[in-house]
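Working notes, beginning with the structure itself.
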Amino acid sequence: MENYLPRGVIVPPAPEKNFMGTAKVRFGSNNQSQEDQSQFIKRRKAALERYLNRLMGHHLISKDETLKRFLKEENAPRPNPNASGIKGFMKNMESMVSKVTAKINEVDEWYEDKQQHILELEETLKKLLVVVDNMVANRRDMAIKI
């Protein structure tokens, strides 16, 4: 869809995801009947179909190769049948986040320089403290001898 940004094409927003409803359906809430779950799934499906129809109804977006490949994709990600309960949910979330995010090794030279300077100052102050402590101890000893 970034292809259309310079031309000013407005892409309609996708329907918002109801995380609580999805979690109740996925993890089988005791308070929700099969009928309620079925209705939730039908409403979500209808919203997604309306969204895709709106996209495909646009004269430019409907010709987008990326969208066509997405709609024709047969190996779409599917829920893992072995992952059940909250542990499975967390594992799925972890794997999805790790796939989406990339490890970034950000280096801020200014910050690194300042941090190194502060560490050097700290070492210098530690050495100065030792010298001052020794000097105080020596003066104390001299005062006792006088």
Side-chain angles (χ1 to χ4, degrees), residues 1-32 36-37 40-41 43-146:
M1 300 303 163
E2 292 87 19
N3 303 342
Y4 301 111
L5 193 57
R7 297 185 198 145
V9 173
I10 298 173
V11 177
E16 288 192 29
K17 196 169 192 177
N18 182 341
F19 290 104
M20 291 303 293
T22 304
K24 287 178 183 177
V25 169
R26 187 168 179 140
F27 301 121
S29 173
N30 293 337
N31 300 341
Q32 197 173 29
D36 291 340
Q37 291 179 0
F40 173 79
I41 292 170
R43 283 193 306 271
R44 179 72 179 151
K45 181 180 176 185
L48 290 171
E49 284 176 354
R50 269 194 314 276
Y51 175 67
L52 287 175
N53 287 333
R54 285 181 71 194
L55 284 179
M56 295 311 291
H58 193 281
H59 68 283
L60 288 175
I61 297 174
S62 63
K63 297 174 186 171
D64 185 68
E65 290 302 316
T66 307
L67 180 61
K68 287 180 183 179
R69 273 189 309 232
F70 170 76
L71 293 174
K72 291 178 183 177
E73 180 63 42
E74 292 180 16
N75 297 326
R78 301 277 184 230
N80 184 354
N82 297 329
S84 62
I86 194 71
K87 283 186 180 180
F89 174 74
M90 293 307 288
K91 283 185 181 180
N92 283 342
M93 288 300 293
E94 180 183 344
S95 68
M96 287 180 359
V97 168
S98 66
K99 288 178 187 174
V100 172
T101 59
K103 292 186 179 181
I104 299 174
N105 187 10
E106 186 177 336
V107 177
D108 184 353
E109 290 183 26
W110 180 87
Y111 177 79
E112 295 292 329
D113 289 343
K114 295 299 178 191
Q115 187 178 28
Q116 184 61 36
H117 182 70
I118 289 171
L119 291 173
E120 290 170 359
L121 285 174
E122 183 180 23
E123 286 299 315
T124 304
L125 286 173
K126 285 179 182 177
K127 290 176 184 175
L128 180 62
L129 179 63
V130 169
V131 169
V132 169
D133 283 345
N134 287 338
M135 185 179 75
V136 168
N138 287 340
R139 289 199 172 197
R140 201 175 284 138
D141 288 344
M142 284 178 25
I144 292 173
K145 291 180 182 177
I146 296 184

Practice task
Might you confirm whether atom CD of Glu16 has over 12 heavy atoms from other residues, nucleotides or ligands at distances under 6.0 Å?
Solution key: no
Completion exercise
Note: Ala47 and Pro15 closest approach over all heavy atoms is O-CG, 3.8 Å
Fill in the blank from the handout: Exactly one candidate in Asp133, Leu128, Asn134 meets side chain to side chain contact (heavy atoms under 4.5 Å, CB included) with Val130; the answer is Asn134
Practice task
Count the heavy atoms belonging to other residues, nucleotides or ligands that lie under 6.0 Å from CD of Glu109, then report whether that count exceeds 12.
Solution key: no
Handout entry: Straight-line distance of Met56 CE to Glu49 CD, nearest 0.5 Å
Key = 14.0 Å
Handout entry: Rounded distance [0.5 Å steps], CG in Leu129 versus OG1 in Thr124
Key = 12.5 Å
Problem - Over 12 non-hydrogen atoms of neighbours within 6.0 angstrom of OH in Tyr51 - result: yes
Handout entry: NZ-CG distance between Lys63 and Leu60, expressed to the nearest 0.5 angstrom
Key = 6.5 Å
Practice task
Count the heavy atoms belonging to other residues, nucleotides or ligands that lie under 6.0 Å from NZ of Lys114, then report whether that count exceeds 12.
Solution key: no
Exercise for the section: Determine, step by step, whether Gln115 and Ile118 satisfy the side-chain contact (heavy atoms from CB on, under 4.5 Å) criterion, reporting the C-alpha distance in whole Å, the side-chain angles of both residues, the deciding distance to 0.1 Å, and the verdict. Expected result: CA-CA 5 Å; Gln115 187 178 28; Ile118 289 171; 5.8 Å; no
Fill in the blank from the handout: Residue set satisfying side chain to side chain contact (heavy atoms under 4.5 Å, CB included) with Arg54, at least two apart, ordered chain then number -> Pro12
Practice task
Look up atom CG in Asp64 and atom CZ in Phe70, then write down how far apart they are to the nearest 0.5 Å.
Solution key: 12.0 Å
Completion exercise
Rounding to 0.5 Å, atoms CG (Asp113) and CG (Asp108) come to a distance of 9.0 Å
Completion exercise
OH (Tyr111) and CD (Gln116) are apart, to the nearest 0.5 Å, by 12.0 Å
Problem - Under the side chain to side chain contact (heavy atoms under 4.5 Å, CB included) test, residues paired with Glu122 that sit two or more places apart - result: Leu119, Lys126
